[in-house]
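Inspection log for the structure reproduced underneath, given as structure tokens.
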Amino acid sequence: MLVYGNYPNVRLRRNRSSEFIRDIVAENHLHVHDLVYPVFILDGKNRVEPILSMPGQSRISIDKLLETAKECQNLGIRAIALFPVIETSKDLESVHESYNSDGLVQNAIQELKANFPDLGVFTDVALDPYTYNGHDGITDIQDYVLNDVTNELLVKQALSHAAAGADFVCPSDMMDGRIGAIRTALENDGYHNTGIIAYSVKYASHLYGPFRDAVGAKKGLGKSGKTSYQLNPANSNEAFHETAHDLAEGADIIMVKPGSIYLDILYRIKHEFKKPTAIYHVSGEYAMLKLAADHGYLDYSGILLESMLSFKRAGADMIWTYAALDVAKLLNN
Ligand code: PBG
């Protein structure tokens, strides 16, 4: 029960009257270890390809990824998330590349683990970098993503990541039943401590545009995009059902995505389930801040820290953001 007195005995501004007291009474705190840095990787050596729609971010080869990992470690960032850019011609067969033990992601995991064993490695489980049309799964002739066929491939993909040494596999595909299928396969193969971060609540958002640019998965999605598997932005009860199923199927950590315009969902999910919860500050959110700041219309550092705090306030335990290095530098200062 909140007990209020009256003005002037009560003046709420007293606790805001100097910096030290503002710091002491702050209700939420952002830490460098809250941050996860998503990185785009590609084949080859010494490659750094800037992503136009995400100023400050690049697609990088594995040797450069190791430099980025070192930087994360120096800054105190504890984990990175890998997103592959697959440049080989994508025909119906190329989805097999998603579980190639000698593939781009699998090699990147091994290199990271060999060089930075203490840095957490999270991997994306979904087929969109590998399919010719950019959908997260196998489609039928009407471009409908087939659930159970896709799950079989996601299981293989997740196992290949686990075998390479991934700490957490992160299904972002939104198929029904994929968490259970992946968990069972991991258990059967002895990967008891390979965790699952489930993109439980992933909305069919227009904020993923720059990401799809970055990985080259924009072309063939068709008119309805990913709406037959990602959540309708009109819904919030459905977010509970998705989360409840993923937890029952063995998810260790759940995610809400995107961040800024879904804080109501994050708040409700965190308070209902009280589980470790991640928020993804997605490519479009990053691009909006960055581009406005680059034009001088917003103060980048200010709006960045404010955005991150809004996630903490709403209940996030972990924040995936392309601005992770920038945020870490600000916090370390
Ligand atoms: C695809 C995937 C997407 C993102 C992460 N994994 C895009 C999509 O669903 O089309 C989006 C991330 C971002 O926009 O930053 N499996």
Side-chain angles (χ1 to χ4, degrees), residues 31-52 54-88 97-126 128-130 157-170 172 191 193-195 197 210-211 213-217 278 280-283 286 290 318-333:
H31 302 283
V32 176
H33 58 245
D34 297 327
L35 304 167
V36 175
Y37 187 36
V39 185
F40 297 101
I41 53 172
L42 36 63
D43 268 328
K45 273 222 156 54
N46 198 25
R47 292 180 70 188
V48 177
E49 280 187 2
I51 302 162
L52 273 183
M54 299 175 70
Q57 304 303 311
S58 301
R59 309 172 187 90
I60 57 178
S61 50
I62 293 178
D63 51 326
K64 292 288 172 186
L65 172 68
L66 297 180
E67 292 172 18
T68 300
K70 177 99 198 127
E71 195 180 354
C72 287
Q73 200 165 53
N74 291 342
L75 288 167
I77 293 172
R78 308 303 308 274
I80 66 177
L82 298 177
F83 292 95
V85 180
I86 303 298
E87 298 163 291
T88 48
E97 185 59 20
S98 65
Y99 55 88
N100 178 359
S101 60
D102 192 23
L104 173 60
V105 173
Q106 292 79 359
N107 286 329
I109 300 166
Q110 279 170 354
E111 287 290 322
L112 282 171
K113 280 292 157 191
N115 289 281
F116 303 97
D118 297 333
L119 185 71
V121 176
F122 300 162
T123 59
D124 192 50
V125 175
D128 53 310
Y130 305 95
Q157 187 183 25
L159 285 175
S160 77
H161 293 175
D167 296 290
F168 284 80
V169 294
C170 313
S172 69
Y191 298 111
N193 282 333
T194 305
I197 300 178
F211 175 99
D213 265 356
V215 299
Y280 201 144
H281 182 236
V282 302
S283 58
Y286 171 80
K290 190 75 183 167
M318 183 197 298
I319 303 168
W320 294 38
T321 178
Y322 302 99
L325 302 181
D326 300 334
V327 176
K329 285 174 197 160
L330 289 167
L331 292 177
N332 289 339
N333 256 326

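Start at 1 with the first residue, then count along the sequence.
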**Message:** What I'd like to find out is whether the side chain of Tyr280 reaches to under 4.5 Å of the side chain of Val36, using heavy atoms alone.
**Reply:** no
**Message:** Taking the side chain as everything from C-beta on, heavy atoms only, tell me whether Asp213 gets closer than 4.5 Å to Leu52.
**Reply:** no
**Message:** How close do Leu119 and Ala79 get, counting heavy atoms only, and between which atoms?
**Reply:** CD1-N, 3.9 Å
**Message:** Testing the 3.5 Å rule here: is there a donor-acceptor pair between the side chains of Glu71 and Asn74?
**Reply:** no
**Request:** Check whether any side-chain heavy atom of Leu159 lies under 4.5 Å from a side-chain heavy atom of Tyr99, and answer yes or no.
**Result:** no
**Item:** Between Gln57 and Tyr286: side-chain donor-acceptor atoms closer than 3.5 Å
**Value:** yes
**Message:** Between Lys64 and Glu67 (salt bridge meaning N to carboxylate O under 4.0 Å), is one present in this structure?
**Reply:** yes
**Between Ser160 and Gln106: side-chain donor-acceptor atoms closer than 3.5 Å** = yes
**Message:** Could you measure the distance from the CD1 atom of Ile51 to the OG atom of Ser58? Nearest 0.5 Å is fine.
**Reply:** 6.0 Å
**Item:** Check: Asp128 and Phe211 side chains under 4.5 Å, non-hydrogen atoms
**Value:** yes
**Asked** Does Ile197 reach the side chain of Trp320, with side-chain heavy atoms less than 4.5 Å apart?
**Response** yes
**Prompt:** Which value, rounded to the nearest 0.5 Å, describes the distance between Asp326 atom CG and Leu331 atom CG?
**Reply:** 11.0 Å
**Asked** Any side-chain heavy-atom pair from Val85 and Leu104 closer than 4.5 angstrom?
**Response** no
**Prompt:** Is there side-chain contact between Asp124 and Leu82, with at least one heavy-atom pair below 4.5 Å?
**Reply:** no
**Message:** If I compare all heavy atoms of Gly44 with all of Asp63, which pair ends up nearest, and what's the gap?
**Reply:** O-OD1, 4.1 Å
**Asked** How far apart are the closest heavy atoms of Ile77 and Val32, and which atoms are they?
**Response** N-CG1, 3.6 Å
**Item:** Pairwise distance NE2(His33) to CD1(Ile319) - rounded to 0.5 angstrom
**Value:** 10.5 Å
**Arg47/Glu87 salt bridge by N-O under 4.0 Å criterion** = yes
**Message:** Nearest 0.5 Å, please: how far is CD1 in Ile109 from CD1 in Ile41?
**Reply:** 8.0 Å
**Item:** Check: Tyr322 ring centroid to Phe40 ring centroid under 6.0 Å
**Value:** yes
**Asked** Rounded to the nearest 0.5 Å, how far apart are CG of Leu35 and CZ of Arg78?
**Response** 12.0 Å
**Message:** If you compare all heavy atoms of Pro129 against all heavy atoms of Ile86, which two are closest, and at what distance to 0.1 Å?
**Reply:** O-CB, 3.4 Å
**Item:** Asp34 side chain reached by Val327 side chain, heavy atoms, under 4.5 Å
**Value:** no
**Complete:** CD1 (Ile80) and OG1 (Thr68) are apart, to the nearest 0.5 Å, by 7.5 Å
**Prompt:** Do Leu42 and Glu49 pass the side-chain contact (heavy atoms from CB on, under 4.5 Å) test, and can you show the C-alpha distance, the side-chain angles, and the key distance before you say yes or no?
**Reply:** CA-CA 9 Å; Leu42 36 63; Glu49 280 187 2; 3.8 Å; yes
**Prompt:** For the residue pair Glu97 and Gly103, what are the closest heavy atoms and their distance?
**Reply:** OE2-CA, 3.6 Å
**Fill in**
Nearest heavy-atom approach of Leu65 to Ala108 is CD2-CB, 3.9 Å
